[in-house]
Amino acid sequence: MTIPPPDISWFAETFSQASLIIIEAWEDTGLEHSTTEPSPEMLSGAMEQLIELLKVKGGDTPPAPAADDGPGSTDISELGHYGISILEEFALMSDDLALSDSHKTWELLAVSLTRWLAANGAEITSLDLVVNGFAFIANRSASREELEILFMAMSEITEAMAPVESHPGDDREELPQSEEMLLLNRGIVATRTHSPNLMETAFSDIVRLIPEKAPRFFQEGMEQLELINYPDQVREVIQRYAGDWPEQRTLH
């Protein structure tokens, strides 16, 4: 399956088409909209303005004269977080309007926008839609080439995630669940590529960033070895990591 590109123009065009479906479905309900919540038209307008700001940030559009504290000076990470929140609002609306097929569109749009943000130096903090989008793509990717391309796209995002803070006494800040899921799913995709190098990259990130989840992940990998005829080089990597990170057994 083709992965949504990190292209702001592609994102803008696809968003415009998807938001129009929501707006028309919303209007067809004939319901009065709450004055405390933004309408689809308001959200669409906000995204259009945001896209123009992002184009300036990415160098696609020359900046207009503005004061230093104007909206164009807002940090790209903050702009990106706002953009993802708009996509989340549309995803919720698609569920409310029973547009089940539309929900996947917002997840794929989140993949595109987040890839663009990562390529432009933003720090990524909102990953729920992105994780679901990558999972959707992974379930429809079978060839090694497709999976390797998917792995690289997932790596773009993991490298742009907010850094984990270390605290005195070896206390380590826990990652949000969505970031944990991205790392674990990336490990699964790496395994499906049958590439020891990609597996080493993904597995080392798991033990470094979410060591508490590593033993169960590698144990599940060992269980898969009994079900799937993996090549020897794949089996060796899984067995080695499972041996280095064994699950703790509790006696009852």
Side-chain angles (χ1 to χ4, degrees), residues 4-134 136 156-157 160-162 176 178-179:
D7 185 311
I8 199 66
S9 296
W10 180 93
F11 173 82
E13 181 179 351
T14 307
F15 172 84
S16 178
Q17 296 169 354
S19 61
L20 183 60
I21 293 173
I22 298 292
I23 291 171
E24 291 177 346
W26 183 275
E27 291 174 348
D28 288 342
T29 63
L31 298 175
E32 289 290 333
H33 184 69
S34 170
T35 57
T36 61
E37 298 178 358
S39 68
E41 287 183 318
M42 291 173 60
L43 289 172
S44 181
M47 180 63 87
E48 289 173 1
Q49 294 180 26
L50 177 63
I51 288 171
E52 293 307 311
L53 288 176
L54 293 177
K55 286 181 177 180
V56 172
K57 289 289 186 180
D60 299 70
T61 302
D68 290 341
D69 60 351
S73 65
T74 305
D75 180 75
I76 192 171
S77 299
E78 295 180 25
L79 294 174
H81 182 77
Y82 179 52
I84 295 297
S85 71
I86 293 176
L87 296 180
E88 291 172 341
E89 289 285 352
F90 271 111
L92 290 173
M93 286 182 179
S94 69
D95 291 340
D96 293 341
L97 295 167
L99 300 173
S100 56
D101 291 340
S102 177
H103 195 104
K104 292 303 175 188
T105 301
W106 303 111
E107 293 173 356
L108 297 177
L109 279 165
V111 169
S112 174
L113 178 57
T114 305
R115 292 187 68 196
W116 184 90
L117 290 166
N120 284 273
E123 186 177 279
I124 309 300
T125 56
S126 302
L127 285 174
D128 288 334
L129 283 183
V130 177
V131 168
N132 291 337
F134 277 137
F136 179 77
E156 295 169 2
I157 310 307
M161 294 190 314
S178 59
E179 295 188 11

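The residues of the chain are indexed from 1 along the displayed sequence.
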Visitor: Any chance you could measure L87, atom CG, to T114, atom OG1, to the nearest 0.5 Å?
Guide: 8.0 Å
Visitor: Using a 3.5 Å distance criterion without hydrogens, assess whether the side chain of S112 forms a donor-acceptor pair with backbone atoms of P5.
Guide: yes
Visitor: Is the backbone of E41 close enough, under 3.5 Å, to the side chain of S44 for a donor and an acceptor to pair up by distance?
Guide: no
Visitor: Looking only at heavy atoms, which two atoms of P38 and L43 are closest? And how far apart?
Guide: CG-CD2, 3.8 Å
Visitor: Supply the atom-to-atom distance Y82 OH to L53 CG, rounded to the nearest 0.5 angstrom.
Guide: 10.0 Å
Visitor: Would you give the length of the straight line joining atom CD1 of I76 to atom CG of L117, rounded to the nearest 0.5 angstrom?
Guide: 6.0 Å
Visitor: So how far is it from S178 OG to L127 CG, rounded to the nearest 0.5 Å?
Guide: 4.5 Å
Visitor: Can you tell me how far CD1 of I84 sits from OG1 of T125, rounded to the nearest 0.5 angstrom?
Guide: 9.0 Å
Visitor: Taking W26's backbone N and O only, do any of them form a donor-acceptor pair with T29's side chain (distance below 3.5 Å, no angle check)?
Guide: yes
Visitor: Looking at L129 and E107, what are the two nearest heavy atoms and their distance?
Guide: O-CB, 3.7 Å
Visitor: For the atom pair CD (E156) and CD1 (I124), what is the distance rounded to the nearest 0.5 Å?
Guide: 10.5 Å
Visitor: Would a distance-only check, ignoring hydrogens and angles, find a side-chain to backbone donor-acceptor pair under 3.5 Å from R115 to P4?
Guide: yes
Visitor: Could you tell me which non-hydrogen atom of V130 sits nearest to which non-hydrogen atom of A110, and how far apart they are?
Guide: CG2-O, 3.7 Å
Visitor: Sort out for me which residue in L99, I22, I23 forms a side-chain contact (heavy atoms from CB on, under 4.5 Å) with M93.
Guide: I22
Visitor: Say whether, by atom type as modelled, one donor and one acceptor occur between the side chain of S19 and the main chain of S16 under 3.5 angstrom.
Guide: yes
Visitor: With a 6.0 Å cut-off (strictly less than), is the heavy-atom count around CZ of F136, excluding the residue itself, greater than 12?
Guide: yes
Visitor: Evaluate side-chain contact (heavy atoms from CB on, under 4.5 Å) for N120 paired with K57, printing each intermediate quantity in order.
Guide: CA-CA 8 Å; N120 284 273; K57 289 289 186 180; over 6 Å; no
Visitor: Mind running side-chain contact (heavy atoms from CB on, under 4.5 Å) on I157 and F134 for me, showing each step along the way?
Guide: CA-CA 11 Å; I157 310 307; F134 277 137; 3.9 Å; yes
Visitor: M47 versus F11: any side-chain heavy-atom pair under 4.5 Å?
Guide: yes
Visitor: With a 4.5 Å limit on heavy-atom distance, are the side chains of W106 and F15 in contact?
Guide: yes
Visitor: Any chance you could lay out the side-chain contact (heavy atoms from CB on, under 4.5 Å) test for W116 and L54, step after step, and finish with the verdict?
Guide: CA-CA 10 Å; W116 184 90; L54 293 177; 3.8 Å; yes
Visitor: Answer yes or no: is there a side-chain heavy-atom contact under 4.5 Å between E88 and L92?
Guide: no
Visitor: Give a yes or no on whether H81 atom NE2 has more than 12 heavy-atom contacts from other residues, nucleotides or ligands under 6.0 Å away.
Guide: no
Visitor: Looking only at heavy atoms, what is the nearest atom pair of L109 and A18, with distance?
Guide: CD1-CB, 4.2 Å
